Amino acid sequence: MRRTVFNEDHEAFRETLRAFIEAEVVPVYDEWFAAGQAPRDFYYKLGELGVFGINVPEEFGGAGLETHKFEAIQYEETARAGVTFGGSGVHVLLALPYIKMLATDEQKKRFLPKFVSGEEMWAIAMTEPGTGSDLAGMKSTAKLSEDGTHYVLNGAKTFITGGVHADKVIVCARTAAPTAEDRRYGISLFAVDTKSEGYSVGRKLDKLGLKTSDTAELAFVDVKVPVEDLLGEENKGFYYLGANLPSERWGIAFGAYAQAKAAVRFAKQYVQERTVFGKPVAAFQNTKFELAACQAEVDAAEAVADRALEALDAGELTAAEAASAKLFCTEVAHRVIDRCLQLHGGYGYMNEYPIARLYADNRVNRIYGGTSEVMKMIIAKDMGL
């Protein structure tokens, strides 16, 4: 089927990005994997390449485009090469929408030029120990000082992607108690400088997959946050978070589809080169049938991911549609990657092969951004059930 979602400009970017990955990432990726994170200076290279500024207004050093299609190409090209860009995805996909939506002109002037260059890397801190999908249950607090000049932030966060390298973190904290009518009321968002006194990075978490993405625990002990660094209005943070969930879930859906597509590529290449019982593994009927079935699932996931991308760019992607895309694409990727690993035999279990890393990296897609079970609840509610 002919794909229509990308134009010549997108494909030119793809060529540039593919060359960058081959030159700057592939040769050193094993070192990143062993270290458990990408080096900090790599993000300056991404800044120089322009990937951080695509959706940033020109007045702040960006390209001024309003599209997620270049992000989509990054998902496809990193998956194709069997690599990731460390924790940089949260910088653009998660943090930037909040800055664009909530920051004042003064804040944008302070934040965005350094965001574009990679001088300041951003993360977002929502999840707490004991509160995953239930964000309304968060315990971290931010109390306004008596003189009204700053908030005093206390609490802890966990599973914070990009948390080790982050220079700024959007922290969600309670500025008021929930009401009897609305337990989601009272959450606010803050742009917190990680060099602030009382701010600390705890463990760099040892994850099953996404080994090059730094994920950390954060702690706040009487951290002073200037009132000028409140994002949006007080007590409306939960609704801001909800507004950006469709784009986050689209990103997970598209990334999962890209991983599934890459898995078929890896498996096809392997079975054509690997010989068993005197002939290539690709010559066996089972191999052909397995890969054919996987390709059909990837084709379907691509259609769903592309449709969600077009809706997102048009500002029409609903919460239920995003949940449906995430549920479908992540479940497809789970099945496809597992079957492609099986075709590798014992070598599929070895981390030196991209399929093994892909298998581990993919597993979190059905958990973060809302579990598959939560996605089903959203879809069912939209169905009137």
Side-chain angles (χ1 to χ4, degrees), residues 21 25-26 28-39 42 71 74-94 123-124 126-127 132-133 158-166 203-217 248-249 251-267 270 294 298 301 305 326-327 329-344 346-375:
I21 291 170
V25 182
V26 172
V28 294
Y29 194 70
D30 286 346
E31 298 173 18
W32 297 6
F33 190 86
Q37 61 187 34
F42 173 68
E71 292 171 45
Q74 291 178 55
Y75 284 123
E76 290 186 333
E77 290 304 307
T78 51
R80 179 185 181 276
V83 302
T84 73
F85 281 170
S88 68
V90 71
H91 182 68
V92 174
L93 184 65
L94 299 190
I124 184 165
M126 293 184 276
T127 306
S133 296
T158 191
F159 305 147
I160 308 307
T161 304
V164 175
H165 282 318
R203 292 186 302 151
K204 181 167 72 70
L205 299 174
D206 184 15
K207 306 184 299 297
L208 170 68
L210 298 177
K211 290 291 189 178
T212 64
S213 171
D214 55 303
T215 303
E217 296 174 330
E248 177 183 353
R249 288 168 177 163
I252 297 170
F254 205 97
Y257 139 70
Q259 289 175 324
K261 183 177 182 178
V264 173
R265 176 175 179 267
F266 297 144
Y270 179 82
C294 287
V298 168
K326 180 182 185 296
L327 178 65
C329 291
T330 57
E331 294 291 340
V332 164
H334 162 65
R335 293 191 297 269
V336 167
I337 294 170
D338 184 74
R339 294 165 84 174
C340 288
L341 185 150
Q342 188 72 16
L343 289 173
H344 282 71
Y347 289 103
Y349 206 65
M350 301 296 111
N351 274 327
E352 65 184 278
Y353 281 81
I355 193 68
R357 299 178 183 184
L358 195 59
Y359 183 87
D361 289 351
N362 172 262
R363 185 58 185 88
V364 76
N365 289 334
R366 292 182 288 149
I367 299 173
Y368 67 1
T371 64
S372 291
E373 291 72 24
V374 170
M375 297 304 99

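Any value given below was found using the heavy atoms of this structure, including those in side chains, with hydrogens, waters and symmetry copies removed. Nothing here was measured: the structure is a model prediction, and the numbers come from that model.
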Inter-residue atom distance Leu358.CG - Ile337.CD1, 0.5 Å rounding:
4.0 Å
With a 4.5 Å cut-off on side-chain heavy atoms, are Ile160 and Val90 touching?
no
Show your working on side-chain contact (heavy atoms from CB on, under 4.5 Å) between Asp361 and Thr84 and close with a plain yes or no.
CA-CA 10 Å; Asp361 289 351; Thr84 73; 4.2 Å; yes
Are there over 12 heavy-atom neighbours, none belonging to Tyr359, within less than 6.0 Å of that residue's OH?
no
Residue pair Phe159 / Thr127: nearest heavy atoms and the distance that separates them
CD1-CG2, 3.9 Å
Quick one: closest heavy-atom pair of Gly348 and Ala356, and the distance?
O-CB, 3.2 Å
Just by distance, do the side chain of Lys326 and the backbone of Gly370 share a donor-acceptor pair under 3.5 Å?
yes
Test item: His165 side-chain N/O and Ala38 main-chain N/O as donor-acceptor pair under 3.5 Å:
yes
Could you please spell out the steps behind the side-chain contact (heavy atoms from CB on, under 4.5 Å) verdict for Glu76 and Phe254?
CA-CA 8 Å; Glu76 290 186 333; Phe254 205 97; 3.8 Å; yes
What verdict does the side-chain contact (heavy atoms from CB on, under 4.5 Å) test give for Val332 and Arg335, after you've listed the backbone C-alpha separation in whole Å, the side-chain angles of each residue and the deciding distance to 0.1 Å?
CA-CA 5 Å; Val332 164; Arg335 293 191 297 269; 3.5 Å; yes
Between NE2 of His344 and OH of Tyr347, what distance do you get to the nearest 0.5 Å?
11.5 Å
Passes side-chain contact (heavy atoms from CB on, under 4.5 Å), Asp338 versus Asn362? Steps please.
CA-CA 10 Å; Asp338 184 74; Asn362 172 262; over 6 Å; no
Smallest heavy-atom separation, Val26 atom then Ala81 atom, equals CG2-CB, 4.3 Å
How long is the straight-line distance from CZ of Arg363 back to CG of Leu208, given to the nearest 0.5 Å?
8.5 Å
Does Glu331 offer a backbone N or O that forms a donor-acceptor pair with the side chain of Arg366 under 3.5 Å?
no
Closest non-hydrogen atoms of Ala216 and Val164, given as atom of the first, atom of the second and distance, are CB-CG2, 3.9 Å
Between Ile355 and Cys340, which heavy-atom pair has the shortest distance, and what is it?
CD1-CB, 3.9 Å
Determine whether Val364 and Lys207 make a side-chain contact, defined as any pair of heavy atoms from C-beta on separated by less than 4.5 Å.
no
For the residue pair Leu343 and Ala267, what are the closest heavy atoms and their distance?
CD1-CB, 4.5 Å
Can you tell me how far the OG1 atom of Thr371 sits from the CG atom of Leu327, to the nearest 0.5 Å?
10.0 Å
If I take atom CG from residue Leu210 and atom OG1 from residue Thr212, how far apart are they, to the nearest 0.5 angstrom?
7.0 Å
Hey, would you say the Phe85 and Phe42 ring centroids sit under 6.0 Å apart?
yes
Between atom CD of Glu217 and atom NZ of Lys204, what is the distance when rounded to the nearest 0.5 Å?
12.5 Å
Sidechain-backbone polar pair: Arg265 side chain, Arg80 backbone, donor-acceptor under 3.5 Å
yes
